[in-house]
Amino acid sequence: MSDNGKVEPLSSRLMKMVIVGHVDHGKSTLVGRLMSDTDSLPTGKLDFVKDICTRQGKEFEFAFLLDALEEEQDQGITIDTSQIFFNTKKRRYVIIDAPGHKEFLKNMVTGAANAESALLLIDAYEGVQEQSRRHGYILKLLGLTQVAVVINKMDLVDYDPEVYYKIKSEYTEFLESLGVQAQEYIPVSAKLGINIAKTGDEMSWYKGPSVLQMLDQFEEEKTPVHLPFRFPVQDVYKFDERRIIAGRVESGTVKVGDELIFSPSNKSGVIKTIEAWSVENQPETAEASQSIGFTLTEQIFAERGDVAALKTELPIISTTFDVNVFWMGKRHLEKGRSYTLKLTTQEVTCEVVGFKKVVDASTLETLEDQDYLAKNDVAEVTLRTTRPVAFDLFGSIPTTGRFVLVDEYDVCGGGIITTYTPSKTDRLRDEIRHRDFHWLKSDIKPEERAYRNGHQSALILIVGPSGTGKAKLARHLEHKLFELNYQSYLLDGRNVALGVSADIESQHKKQEGEVVRRFGEVAKLFLDAGHVVISTSNVFNQEDHSDLRLLVEPCPVVEIFVTDDEEPEGNFEIKLSQAETEKEIEAANTVYKYLKDKKILTGHNYSI
Amino acid sequence: MDHLDELENQSIFILREAYKNFKNLAMLWSIGKDSTVLVWLARKAFFGHCPVPLVHIDTSFKIPAMIKYRDEFAKKWGLNLVVGGNQKALDEGMNHEKGRLVCCEALKTMGLQAIMEERGYTGLMLGIRRDEEGTRAKERYFSPRDKNFEWNFKDQPPELWDQFKTSFSPETHIRIHPILHWTELNVWEYIHREKIPIIDLYFANAEGKRYRSLGCEPCTVPIDSKARNVEEVIAELKDTTSAERSGRAQDQENTYAMQKLRARGYM
Ligand SMILES: Nc1nc2c(ncn2[C@@H]2O[C@H](COP(=O)(O)OP(=O)(O)O)[C@@H](O)[C@H]2O)c(=O)[nH]1
Ligand SMILES: [Mg+2]
């Protein structure tokens with residue numbers, strides 16, 4: 001089909017390239033020039049724009065080919081990023097023209113985040129400017145390291161190699177401090193079309209590629225099929241008899257028959273089919289970047305936000321991690337405020353617990369003692385989420401190691417997860433995860449036990465200061481449930497300490513974590529047997545209670561907090577005053593009602 | 001994966017994000033090739049189903065064959081079709097002779113506005129593409145419109161790593177553009193691969209004319225062409241250098257016509 005001189009591009013893959021740099025350094029001009037010099041413009045487009053310029057008494061600008069908005073042409077600046085398509089002999093391109101003005105950084109980020117290679121423009125006459133550096137920094141943060149630098153407007157400095165070398169060495173030093181190496185520094189005149197699509201005699205001292213040749217040297221980003229399998233659940237569909245778990249494979253590959261673990265819930269399931277509509281053959285496998293859907297051999301409760309992975313290569317689950325962020329919000333990023341973290345398909349409330357380093361992105365200067373992040377700057381911060389999230393470090397799996405922050409309705413920041421130090425809870429969670437994988441399930445299903453017993457298993461924790469009547473209530477509650485033919489058992493922490501934990505020496509007593517773990521594991525066994533386990537405790541603190549919740553997951557936990565505090569802090573299901581607790585009959589009734597309401601006590605469906 | 005798979009996978013991802021995040025979502029179906037591909041992609045994304053209503057804004061000036069095609073496929077594919085329009089303006093004699101931009105705004109933009117208000121849609125999916133013209137090249141996948149339907153193109157939300165703007169204040173709505181990243185050629189290549197039935201106005205008739213872009217009869221001019229089927233259209237497009245929308249009169253009306261129309265809620 002190339003008989004009229006047009007050559008079919010060699011590769012049908014699209015190279016996504018962004019052009020960044022300081023305002024007025026010639027980005028839009030360069031793109032317009034590239035389009036026009038490679039005959040990529042639609043017929044009449046050039047004349048059309050030239051005609052507008054004459055009519056409006058303006059000098060023709062190649063930039064007007066992209067800056068299509070009236071305001072852009074009036075002010076001669078790019079306000080928003082444009083994406084245009086063009087071909088070389090080698091392949092097809094989409095070129096993303098990003099605005100260079102500081103005001104429009106979020107538009108630059110939008111453009112750059114979608115690219116796999118970048119040209120960074122520097123005006124030879126003005127030299128390295130604020131946005132030249134900021135954009136360099138942001139490219140690095142976005143993980144875009146395939147970069148060539150273009151030194152433009154060489155016509156304004158008489159094509160002087162001295163100017164070129166000076167800028168080259170200054171900017172090389174800057175990029176080095178970021179750990180980035182530009183592939184080339186190309187001296188050009190975008191306006192005059194020198195070293196863009198063709199080379200000229202003006203700069204015979206430069207032996208490197210033209211811009212067009214450079215583009216063809218960039219390498220296409222590989223889809224991450226070789227990395228561990230990650231599948232964030234996007235949605236679950238039940239349009240017909242199939243229950244399809246839909247989402248996109250972010251990395252790795254998967255096949256029918258694979259066992260998947262869903263994080264953070266730790267549920268597991270085996271892929272029964274990979275579904276697809278209007279295809280010749282039903283797929284048996286799927287790989288990174290495919291939007292797919294599958295059914296499982298067993299119905300489990302999976303929902304949007306869960307990340308499916310293979311058992312041998314699970315993601316990290318935590319609530320606290322260190323990140324690098326850049327900020328685009330009008331309001332500062334600061335401590336004490338809540339933001340929404342969007343990571344893969346997970347959405348969770350988070351806050352900044354510490355600013356480790358705040359950097360002025362245009363100078364790389366550290367802003368000492370600053371504990372907020374202003375628009376256009378970057379920082380290393382520690383984030384804490386209200387619920388555990390499943391993620392990877394950006395360095396290991398980029399697509400599950402990056403996120404955005406939403407302030408009210410707007411996406412205001414973006415970032416990557418750099419490091420993570422497991423907390424005590426994280427280690428416990430990891431241990432539990434492994435315990436659950438190897439747990440031998442009884443042939444009697446939990447539902448069967450629940451049917452027989454007239455209730456689900458549940459853990460009831462009665463907590464609060466000592467001397468408030470907790471023990472009396474616990475005893476009464478155990479008895480009341482027993483009388484009603486329920487399987488209740490009061491598990492006393494002391495009894496566990498006397499036996500199971502008897503080997504914990506006094507010097508280890510401080511190591512409370514182990515005491516809690518053993519108590520929780522014992523409770524877990526009773527819960528597995530289908531009981532309602534009741535416990536009171538003065539020795540366990542708030543943190544221990546959340547560890548206990550973790551240990552017995554997914555079993556429901558009912559925490560009864562005995563306190564006279566009007567607005568007590570913490571995570572509990574029922575609050576009782578001391579006076580209420582002391583009337584143990586009424587108090588036990590309150591708990592009983594709650595258990596019925598929550599359908600933990602369902603009642604016997606048969607008579608004995 | 002080839003480039004069509006890549007485009008398809010990205011579009012499906014966006015369709016599913018839209019479906020998950022908007023309780024009251026609709027899709028605009030102009031009967032043209034782009035929105036028909038969008039309907040097809042929805043059926044891919046939702047495994048043979050199209051769980052959102054399809055809104056068609058009927059200006060009454062559409063080419064009759066379009067209405068016939070619309071009704072045929074709505075039935076065949078089991079689509080939930082919702083037809084909107086601006087009857088009041090028509091009763092008052094609105095047509096393109098009152099001015100093309102005035103007419104487009106009255107019959108299309110206001111017709112759309114009315115049906116959205118009536119049905120309470122907060123998300124609207126459209127088959128526009130970046131390569132169609134300059135202002136569309138600057139669009140987002142998820143693009144907010146304020147309560148007056150206006151597009152604030154000077155202050156668009158950042159869009160990175162496929163995290164889209166899905167939260168918005170009441171009274172505003174979001175336009176979702178799942179095939180924004182496709183080109184005209186991609187659309188035809190995909191129609192070819194998937195064997196999507198496309199209205200035959202796109203193919204050359206006995207007089208050697210075909211429509212490259214479909215709209216209202218008085219404002220859409222067919223081009224000279226010999227392309228009588230999908231393969232021939234693809235071959236023709238690979239050779240042409242003229243713009244896709246050059247047959248659409250409203251684009252040529254004045255210098256920033258499309259910007260003005262679109263800023264006020266046009267598709
Ligand atoms: N002399 C000269 N002027 C240039 C060159 N490239 C761009 N310009 C001018 O620099 C100004 C800013 O260009 P523009 O492309 O809008 O810059 P952007 O803000 O980086 O997109 C315009 O007036 C251009 O004509 C060049 O190579 N030489
Ligand atoms: Mg520009």
Evaluate the side chain to side chain contact (heavy atoms under 4.5 Å, CB included) criterion for residues B/D162 and A/R248: first the C-alpha distance (whole Å), next the side-chain angles of each, then the deciding distance (0.1 Å), finally the verdict.
CA-CA 11 Å; B/D162 288 343; A/R248 180 167 65 189; 2.8 Å; yes
So B/K165 and A/Y409, side chain to side chain contact (heavy atoms under 4.5 Å, CB included) or not? Walk me through it.
CA-CA 8 Å; B/K165 181 166 174 75; A/Y409 299 120; 3.8 Å; yes
Atom pairs and distances, side-chain donor-acceptor, residues 13-22 of chain B, under 3.5 Å, sequence neighbours left out:
| residue | atom | partner | partner atom | Å |
| --- | --- | --- | --- | --- |
| B/R16 | NE | B/A45 | O | 3.1 |
| B/R16 | NH1 | A/I292 | O | 2.8 |
| B/R16 | NH2 | B/A45 | O | 3.1 |
| B/E17 | OE1 | A/R304 | NH2 | 3.0 |
| B/E17 | OE2 | A/Q234 | NE2 | 2.9 |
| B/E17 | OE2 | A/R304 | NH1 | 3.0 |
| B/E17 | OE2 | A/R304 | NH2 | 3.4 |
| B/K20 | NZ | A/D235 | OD1 | 3.4 |
| B/N21 | ND2 | B/E17 | O | 2.9 |

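Checked by atom type and distance alone, the side chain of B/R43 never pairs as donor or acceptor with a backbone atom of A/S278 at under 3.5 Å. Put simply, the side chain of A/S291 never gets that close to the backbone of B/I12: no donor and acceptor are under 3.5 Å apart. Here the side chain of B/Q163 pairs a donor or acceptor atom with the backbone of A/T344 at under 3.5 angstrom. Judged by distance alone, with hydrogens and angles left aside, the side-chain atoms of A/K342 form a donor-acceptor pair with the main-chain N or O of B/F164 at under 3.5 Å.
With a threshold of 4.5 angstrom between heavy atoms, B/E6 approaches chain A through side-chain atoms but not through N, CA, C or O. Heavy atoms of A/V406 lying under 4.5 Å from chain B belong exclusively to its side chain.
Rounding to the nearest 0.5 angstrom, the gap separating the CZ atom in A/R91 from the NE2 atom in B/H3 is 15.0 Å. Between the NE2 atom in B/H49 and the CG atom in A/D240 there is a gap of 3.5 Å [rounded to 0.5 Å]. For the atom pair CZ (B/F47) and CZ (A/F239), the distance works out to 9.0 Å, reported to the nearest 0.5 Å. Rounding to the nearest 0.5 Å gives a distance of 6.5 Å between OG1 of A/T110 and CG of B/L160.
Here A/F391 pairs with A/F321, A/Y420 under the ring pair (Phe, Tyr, Trp, His ring centres under 6.0 Å) rule; sequence neighbours left out.
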